[in-house]
Amino acid sequence: MAQRITTLIQDRLVVAVKTLYGADLTATDLPLSNTRKEFVGDFTVVVFPLTRVARKKPEEIGAEIGQYLLQHVPEIVDFNVIKGFLNLAVSPRYWQDYLSGIYSDTTFGIQPANGQKVLVEFSSPNTNKPLHLGHVRNILLGWSVSRILEAAGYKVFKVQIVNDRGIAICKSMLAWKKFGVGATPESTGMKSDHFVGDYYVRFEQEFQKEYQQWQASAAGQEIFRQHAKADESEATFFKGYKDQYFNQHSALGAEAQEMLRSWEQHDPATLELWKTLNNWVYAGFNATYDRLGVSFDKLYYESDTYLLGKDMVEKGLEKDVFYREPDNSVWIDLEDAKLDRKVVQRRDGTAVYITQDLGTAELRYEDFGVEKMVYVVADEQIYHFQVLFEILKRLGAPYASGLYHLAYGMVDLPTGKMKSREGTVVDADDLIDEVIAEAWENSRERGTIADLPEKEQAEVIEQIALAALKFFIIKVNPQKRMIFDPRESVDMQGTTGPYVQNAYVRIQSVLRKAGDEDLSAAAEYGTLEKEEQDLIAQLAQFPDLIQEAARNYDPSIIANYCYNLAKAYHRYYHDFSILKADSSAARAFRLQLSTAIANTLRNGMDMLGIAMPERM
RNA sequence: GGUCCCGUAGCUCAGCUGGAUAGAGCAACUGACUUCUAAUCAGUAGGUCACAGGUUCGAAUCCUGUCGGGAUCACCA
């Protein structure tokens, strides 16, 4: 395709302003917007800002520039001025040529490689319990951002850091050892990550029981008398004392900590137990990832990386980025960046969380040599990443300017926050099961795919169900906290994934009936309908939009675009006949248009991790 | 208390690098399938863009403040 129409017009605008008013402006000073649908035209120039350089009334300026463009830009065939708005009409011929240039391009919108590499980290669960709704938002964001970056020309590496060690998994291990009596996922027929998760819950229950008993005991009452604030109730006090109890008084707590210590000392039996449980969890995670259609290029494990970062500490000390306190702990002072003082190495010489992240970043740079690293992590860790990035910058990491924390808001339920203690956490597998069940029910009522073999039906149903779930989550701007209403998430009408799929399916149905015909007659199609011109103009925005979505790490831009394109097509489909168009030229043109829209919808939805069925 | 994010229709969300009369979907009501898939389309109704100032020819959008919601400020991860 030749130069994009918008930049072409903007370039001429710059010349027009220079010629007419002698002013040196750039294209960015003269933004072009899409003409609102209630006015005639394709693009609009707001001329108010030019009153200063032109020293004329807006209406006059609009008329002069409009006249100039009409004479000097062949693609512009008409203009009108309303108040300070200059509306430009692009020739139908241009739009038709544009369409015939793209309609058969199945990779429309996707940019050629730009030679840059980016790493995207997402998911990164703890291994003590199954994936839940919060992970789902994370995973869908990470996956779609990866796909969008690929479409924008980057080479993308998808990774996660698996939090496979620490006190949490030790709790599951201990509970399984104490109460599991040799049970396995196989012996119980459970999905293996849920199996392990249940032992984590079991631990918490047993611990709670123990804590309750202790609270009533003489020892517990003594602590309450000694440490409670004056007017503090027993319940409030013990609620706040839980962690201390776990660390100092609890038998179960002591056992779990002993488990962690023996893990750190590489005790063979403990390592064996740890591996067994983690492998169960991984098998379960992988099943869920498969259902969600996501995969990773490399997995990092915290058990391998938690000691990393020591050489970064040395390096930082040499460069005077860090300093050592008399007690041997190592610090960085970030007060000039309004980030306070942070510990990077404990008194005892061990690494803290952020030090591991320093080491992991360095390791990943060695592994992939990327220019950019994107961390998809909930917004509660914004401060952590500000500190991490600032430290890497001061250490002179070559990738420091390419670090980005994609911070997304937490997922709430209509009833409020998800709380594991109250059992309101929405499980990822359950969620997928529910939306699939809903899709089956809808499909049976409609009966449109009943003639397909059972296996193909199931495939289509799964595509529809996951489209509903994924689109529901991905359409919301990542930055915002979102409310997840399970009832709405299985909706398949309105602003939903299935709605977009349906536009695609309608096109496929038309194209199947049209067969494999020569569409060159489209060139003879004379005047385009307003709706047709608008649809092509909408298609033409797609490549730019991908860049914008990539620049902002925001898949919701693509989701909203797909919805709007599908919406425009649904209306067009309703109002105009394609196969029974008035002329063979019109029919050919409309088939081209439909094909281009199908390609665009498929590519856009693919970036969101949503597959398009041929029938539904 | 410091810092950051959010506040748009009953509900869920777009619009935010300033531009024309603030848009969708859901829910409610009405209409359109002998027609290319009605998971669709058309219509009715629904607004102090939290509030108050400021900048501007022009503010939902930018700035300041207030209110409301959330996050964060560990030798935890």
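Below, chains carry the letters A, B, ... as their sequence lines are ordered, and counting in each starts from 1.
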Taking the inter-plane angle between the rings of [X] and [Y] on a 0 to 90° scale, is it parallel (under 30°), tilted (30 to 60°) or perpendicular (over 60°)?
| X | Y | answer |
| --- | --- | --- |
| A/Phe203 | A/Phe207 | parallel |
| A/Tyr375 | A/Phe389 | tilted |
| A/Trp274 | A/Trp263 | perpendicular |

Is the charged tip of A/Lys171 near the ring of A/Phe246: under 6.0 Å from the six-membered ring centre and within 45° of its axis?
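Yes, A/Lys171 and A/Phe246 form such a contact.
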Donor on one side chain, acceptor on other, [X] and [Y], under 3.5 Å:
| X | Y | value |
| --- | --- | --- |
| A/Glu64 | A/Tyr21 | yes |
| A/Asn128 | A/Ser172 | no |
| A/Asn599 | A/Tyr103 | no |
| A/Ser594 | A/Tyr569 | yes |

Output the rounded distance in Å from [atom1] ([X]) to [atom2] ([N]).
| X | N | atom1 | atom2 | value |
| --- | --- | --- | --- | --- |
| A/Phe43 | B/rA20 | CZ | C1' | 18 Å |
| A/Tyr573 | B/rA38 | OH | C1' | 10 Å |
| A/Ile167 | B/rA74 | CD1 | P | 22 Å |
| A/Phe471 | B/rC26 | CZ | C1' | 14 Å |
| A/Ile82 | B/rG19 | CD1 | C1' | 14 Å |
| A/Lys37 | B/rA22 | NZ | P | 12 Å |

Say whether, by atom type as modelled, one donor and one acceptor occur between the side chain of A/Lys310 and the main chain of A/Gly349 under 3.5 angstrom.
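Yes.
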Looking only at atom types and distance, does a side-chain atom of A/His570 sit under 3.5 Å from a main-chain N or O of A/Tyr499, one as donor and one as acceptor?
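Looks like yes, one N/O pair under 3.5 Å.
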When we call it a touch if two heavy atoms are under 4.0 Å apart, what does [X] touch: a base, just sugar-phosphate, or nothing?
| X | result |
| --- | --- |
| A/Gln501 | nothing |
| A/Pro49 | base |
| A/Thr51 | nothing |
| A/Arg571 | sugar-phosphate |

Donor-acceptor pair (no angle test) under 3.5 Å: A/Asp575 side chain, B/rC41 base:
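Such a pair does not exist between side chain and base.
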Kindly indicate whether the side chain of A/Asp340 and the base of B/rA74 share any N or O donor-acceptor pair separated by less than 3.5 Å?
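A donor-acceptor contact between them is absent.
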Convert the base pairs of RNA chain B into dot-bracket notation, remembering that pairs crossing earlier ones are written with [ ] and that bases paired across to another strand are shown as |; include only Watson-Crick or G-U pairs under 3.5 Å.
(((((((..((((.....[...)))).(((((.......))))).....(((((..]....))))))))))))....
Kindly point out which of [options] is positioned nearest to the side chain of [X]?
| X | options | answer |
| --- | --- | --- |
| A/Asp327 | B/rA20, B/rC36, B/rC75 | B/rC75 |
| A/Thr495 | B/rG19, B/rG25, B/rA20 | B/rG25 |
| A/Phe48 | B/rC57, B/rA20, B/rC76 | B/rC57 |
| A/Gln356 | B/rA42, B/rA38, B/rA77 | B/rA77 |

Under a 4.0 Å heavy-atom criterion, the protein footprint on nucleotides 27-35 of chain B, written with B, S and -, is ---------
Along nucleotides 1-18 of chain B, 5' to 3', which nucleotides get a B, which get an S, and which get a -, given that the test is a protein heavy-atom distance under 4.0 Å?
----SSS----SSS----
Please answer whether B/rA20 and A/Phe85 are stacked, defined here as ring centres separated by less than 5.5 Å and planes angled under 30°.
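Yes, aromatic ring over the base.
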Please compare A/Val343 and A/Tyr499 by the position of their nearest nucleotide in RNA chain B and report the one closer to 5'.
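Between the two, 5'-proximity favours A/Tyr499.
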On RNA chain B, nearest-nucleotide positions of A/Lys417 versus A/Ile449: which is more 5'?
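So the residue in question is A/Ile449.
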Any side-chain N or O of A/Lys567 less than 4.0 Å from the OP1 or OP2 oxygen of B/rG25?
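Looking at the OP1 and OP2 atoms of B/rG25, one of them is under 4.0 Å from a side-chain N or O of A/Lys567.
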Has A/Lys239 got more than 12 heavy atoms of other residues, nucleotides or ligands less than 6.0 Å from its NZ?
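No.
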C1' atoms of B/rG43 and B/rC36, separation to the nearest Å
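Each nucleotide's C1' atom is 24 Å from the other's.
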Report the C-alpha separation of A/Asn138 and A/Ser123 in whole Å, then their side-chain angles, then the decisive distance to 0.1 Å, and conclude whether the side chain to side chain donor-acceptor pair (under 3.5 Å) test is met.
CA-CA 6 Å; A/Asn138 181 305; A/Ser123 191; 5.4 Å; no
May I have the step-by-step check of side chain to side chain donor-acceptor pair (under 3.5 Å) for A/Asp29 and A/Thr26, ending in yes or no?
CA-CA 5 Å; A/Asp29 300 322; A/Thr26 61; 3.1 Å; yes
